[in-house]
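As structure tokens, the structure follows; a few thoughts come after it.
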Amino acid sequence: GIRNAVVVNRTDREGRSYLCAYIISDIDIIMSEIMVFLAQYLPALMIPSYFIRLSEIPVGTSGKINLGALPH
């Protein structure tokens, strides 16, 4: 059910890094189910801590993903 996804390395206020996934989906997805699915294929450190559903991934005029336009 996921059409597109972008995973970004973010840093919290205490300076700790975490992964945040931005997903495009036509259906409602239970984020905990995604985490369980990913755990079958990825090590724990590669599984995003947060999943944010967007209607579209922001891109700049060059067609590249506009990371600055993604919500925190």
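Surrounding CE of Met31 are more than 12 heavy atoms belonging to other residues, nucleotides or ligands, all under 6.0 Å away. Around OH of Tyr50, the count of heavy atoms belonging to other residues, nucleotides or ligands within 6.0 Å does not exceed 12.
Separation of atoms OG (Ser32) and CZ (Phe51) is listed at 9.5 Å; rounding is to 0.5 Å. Atom CG of Leu45 sits about 11.5 Å away from atom OG of Ser17, to the nearest 0.5 Å. With values rounded to the nearest 0.5 angstrom, Cys20 atom SG is found 12.0 Å from Asp12 atom CG. Rounded to the nearest 0.5 angstrom, Phe37 CZ and Ile47 CD1 are separated by 11.0 Å.
The shortest heavy-atom contact between Pro58 and Leu70 is CD-CD2, 3.5 Å. Considering all non-hydrogen atoms of both residues, Gly60 and Asn66 come closest at N-CB, 4.1 Å.
Under the 4.5 Å side-chain criterion, counting only non-hydrogen atoms from C-beta, Leu38 is not in contact with Val36. In this structure the side chain of Arg10 never reaches within 4.5 angstrom of the side chain of Leu67, judged on heavy atoms. Counting only heavy atoms from C-beta outward, the side chains of Pro48 and Val8 never approach each other to under 4.5 Å. Under the 4.5 Å side-chain criterion, counting only non-hydrogen atoms from C-beta, Ile23 is not in contact with Ile52. At least one side-chain heavy atom of Arg3 sits under 4.5 Å from a side-chain heavy atom of Asp26.
Follow the hydrophobic side-chain contacts under 4.5 Å out from Met35 and you reach Leu42 in the same cluster. In the hydrophobic clustering of this structure, Ile30 does not group with Tyr22; members are Ile, Leu, Val, Met, Phe, Trp, Tyr whose side-chain heavy atoms approach within less than 4.5 Å, directly or through other members.
Thr11 contributes no side-chain N or O that, together with a main-chain N or O of Arg16, makes up a donor-acceptor pair within less than 3.5 Å.
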Show your working on side chain to side chain contact (heavy atoms under 4.5 Å, CB included) between Arg53 and Ile24 and close with a plain yes or no.
-> CA-CA 6 Å; Arg53 187 173 173 199; Ile24 308 291; over 6 Å; no
Leu19 and Ser49: CA distance, side-chain angles, deciding distance, side chain to side chain contact (heavy atoms under 4.5 Å, CB included) verdict | CA-CA 6 Å; Leu19 294 177; Ser49 300; 5.6 Å; no
